[in-house]
Amino acid sequence: MFSYGKEYQVIVVGAGHAGCEAALAAARMGCQTLLLTMGLDTVAQMSCNPAIGGLAKGHLVCEVDALGGEMGLNIDETGIQFRRLNTRKGPAVRAGRAQADRMAYSARMKGVLEAQDGLDLKQGVVESLTVDALGVCGVETRDGLSFAARSVVVTAGTFMRGLIHVGLKSYAGGRAGEPASEGLSDCLRGLGFRVGRLKTGTPARLSARSIDFSMLQRQDGDRLARPFSFMTSGPVGVDPVSCYIANTNEKTHEIIRQNLDRSPLYSGVIEGVGPRYCPSIEDKVVRFPERASHQTFLEPEGRESAEIYPSGMSTSLPPDVQLAFYRSMVGLEHVEIMRPGYAIEYDFVEPTQLRATLETKKVAGLYHAGQVNGTSGYEEAAAQGLLAGINAARRSKDQEQITIGRDEGYLGVMVDDLVTQSTREPYRMFTSRAEHRLLLREDNADQRLTPLGRKVGLVSDQRWEAFQKKMEGIGVGLKVLRDHRVRPSDSSVMAGLGLEKLRNGVTLEELLRRPEIAITDMVPLTESLAVLSDDVLEQLEIATKYEGYIERQLEQVARQREYEKIRIPDGFEFSTIESLSNEVREKLLEIRPQTLGQAGRIQGVTPAAIAVLNVYLRKHKHG
């Protein structure tokens, strides 16, 4: 093994969405960083759907951006259709989603990596980690090179012992056309990690030239949409492309049912557990026999590309069956498949072996992020990569590690779910997973996390100044709403608002609490509001209309934080507490929670057990 000679502070393995954010974070924090990828031409590859965001996922993108990450800026620059989801519902569940130009997204991210000071991007397949008594100290590649570092972040995606299934044929691969990584998974097992097996899949790619779009329902994007990044000036989506909606039918379903014996999913070939919330089309047909039709969105993969991604149609059926069931659908009678769909099995490392910092408990300085932790989705991966990169950099500088609480971000919810409860299927973020989702909105991600990004050194002066200006505007606006009064004599004002004459004077804040009044109705009433930006006005409206709900959630957070403050020391002997049941002891020893709050979220650990543990920790002055 030949030593490369250049010593790095942080090495990141894999240049998918997690790896890109991890490497950029470490380099921007001043660490000499190496990013190793199996292919320089597949950096930030969109292996599945060419889209960013969606419900809860859009929240993660905004959080990555608020902390100083790159994903939000990248999609704002390369998106070809933007949409705002759940606009008729409350602010907690509103989210952005964007179709990306797949090739442009990857190319721009690669350019950002190549231009980043302190970051080396190199091609190489990592076969093993080098570990000494103090922890991880580097990596070794298939080419016979070794690289030294104080911290290593593994973001291996679906490449660890990846096995691709198309019908009853199987072959090793991390993605179609790319080799799998064999050695790294064995290395992690050798280090004592518990390694499991998961499965995911992707649909065929269709030729746009062979689809009769006139027979399909068109879906347009928002022409002036809200950007994901707080640093993108003005709206995005000025020249959107169109998506189209197609539907399966009973003939489609019959073709699938007749060929289930050729499906690796139903013939016992696939052993890994697939995503419950993104089932294959054959899964949908079998699990929902009462459904006469399933909808698919035909999404362009780029402005200059003829490839169409049929969302919701992932499959591992043989190519001939795929062609037959697509051609049974209206508008797709003559469709041509450019790339067949496939399923992929891969190894993941059970995430309960991680701390909330994403550092492994077994090997100091080793961090895991993305699908290696059992998650699915670009957004989940990017958020984990950013946190792992921050902590890998801070460890290399002997600085305190950071964590993000469940009340601070969806990122905190996701990481806590993973390290506390693990996952038996690919983990996907949902708004329902967050118990404080009114506090964790897309629109206030900067207010929640930009100060932390500034503290760790990721938030630039330009971003910080913009954030401070926004916060000052919110302060000014709240004062105006509380101080400006409308008197009974202001009949013209009330008439303009469509309201009856007042009996007593009211403040603008009191008026804004009425459901029929919007903040935009307030703007003409005072110059002080007219000069405020749209994002500031939005914050004023949400803070006013949802004040009671927000206060209640803040009270809940305050109560829960008391348990989070009670620390459980590393190596704590749970077996010494005789009043705990054997089952509870086993759970606590397996997960090794870091706080009493985390212990309470472990499945099988009862409230009674938490009360006993609380008394014991306080009595022995732990915390």
Side-chain angles (χ1 to χ4, degrees), residues 46 48-59 61 75-89 93-105 202-228 235-249 252 277-281 284 288 291-315 325-339 341 377-379 428 430-431 442:
M46 290 184 147
C48 200
N49 61 316
I52 294 292
L55 302 181
K57 291 171 173 283
H59 292 69
V61 179
I75 186 60
D76 285 350
E77 288 287 328
T78 60
I80 56 178
Q81 189 203 81
F82 293 80
R83 294 183 63 218
R84 192 85 181 136
L85 308 178
N86 278 351
T87 54
R88 296 182 181 179
K89 295 185 178 181
V93 294
R94 295 172 196 159
R97 186 181 188 275
Q99 289 296 122
D101 187 309
R102 188 168 63 88
M103 298 302 293
Y105 187 95
T202 190
R205 304 307 193 269
L206 312 177
S207 170
R209 297 174 57 191
S210 62
I211 297 173
D212 184 357
F213 291 105
S214 68
M215 300 295 292
L216 305 176
Q217 178 185 344
R218 192 173 80 180
Q219 184 187 61
D220 295 323
D222 302 333
R223 288 200 62 82
L224 298 175
R226 177 200 198 122
F228 282 96
V236 289
V238 176
D239 184 24
V241 301
S242 296
C243 297
Y244 291 84
I245 299 174
N247 293 279
T248 64
N249 52 54
T252 313
Y277 302 104
C278 189
S280 65
I281 185 60
K284 291 179 182 178
F288 307 106
R291 292 282 299 274
S293 176
H294 293 282
Q295 194 176 75
T296 176
F297 292 88
L298 302 183
E299 303 171 342
E301 296 226 332
R303 290 190 187 277
E304 306 301 326
S305 175
E307 287 188 72
I308 296 291
Y309 177 91
S311 177
M313 297 287 284
S314 65
T315 184
F325 75 62
Y326 276 117
R327 287 184 171 178
S328 70
M329 298 167 62
V330 173
L332 278 66
E333 291 86 352
H334 305 289
V335 76
E336 295 290 342
I337 290 178
M338 298 179 72
R339 312 185 199 203
Y378 312 141
E379 305 83 1
R428 179 178 178 180
F430 294 103
T431 56
E442 272 193 6

Could you tell me whether the side chain of [Y] reaches within less than 4.5 Å of the side chain of [X], counting heavy atoms only?
| X | Y | answer |
| --- | --- | --- |
| Phe430 | Leu55 | no |
| Glu333 | Arg327 | no |
| Phe213 | Ser242 | no |
| Ile245 | Leu298 | no |
| Glu442 | Arg84 | yes |
| Tyr244 | Ile308 | no |

Original post:
When you look at Arg205 and Glu336, which way does the salt bridge (charged side-chain N to carboxylate O under 4.0 Å, His left out) test go after all the steps?
Top reply: CA-CA 9 Å; Arg205 304 307 193 269; Glu336 295 290 342; over 6 Å; no
Minimum heavy-atom distance [X]-[Y], with the two atoms named:
| X | Y | value |
| --- | --- | --- |
| Lys57 | Gly377 | NZ-CA, 3.6 Å |
| Gly54 | Leu85 | CA-CD1, 3.9 Å |
| Gly53 | Glu379 | N-OE2, 2.8 Å |
| Pro300 | Pro50 | O-CG, 4.0 Å |
| Asn49 | Tyr378 | O-OH, 2.8 Å |
| Leu216 | Ala246 | CD2-CB, 3.9 Å |

Backbone N/O of [Y] and side chain of [X]: donor-acceptor pair under 3.5 Å:
| X | Y | answer |
| --- | --- | --- |
| Arg223 | Pro240 | no |
| Thr202 | Cys48 | no |
| Lys284 | Arg291 | no |
| Ser293 | Thr248 | yes |
| Ser210 | Ser207 | yes |
| Asp101 | Arg303 | yes |
| Gln99 | Val241 | no |
| Thr296 | Asn247 | no |

Original post:
More than 12 non-hydrogen atoms from neighbouring residues, nucleotides or ligands closer than 6.0 Å to CE on Met103, yes or no?
Top reply: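 Open.
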Are [X] and [Y] close enough for a salt bridge, meaning some N to O gap below 4.0 Å?
| X | Y | answer |
| --- | --- | --- |
| Glu301 | Arg339 | no |
| Arg83 | Glu299 | no |
| Glu307 | Arg209 | no |

Output the distance between atom [atom1] ([X]) and atom [atom2] ([Y]), rounded to the nearest 0.5 Å.
| X | Y | atom1 | atom2 | result |
| --- | --- | --- | --- | --- |
| Thr87 | Asp222 | OG1 | CG | 8.0 Å |
| Met313 | Thr252 | CE | OG1 | 7.0 Å |
| Arg102 | Tyr309 | CZ | OH | 11.0 Å |
| Gln219 | Phe297 | CD | CZ | 5.0 Å |

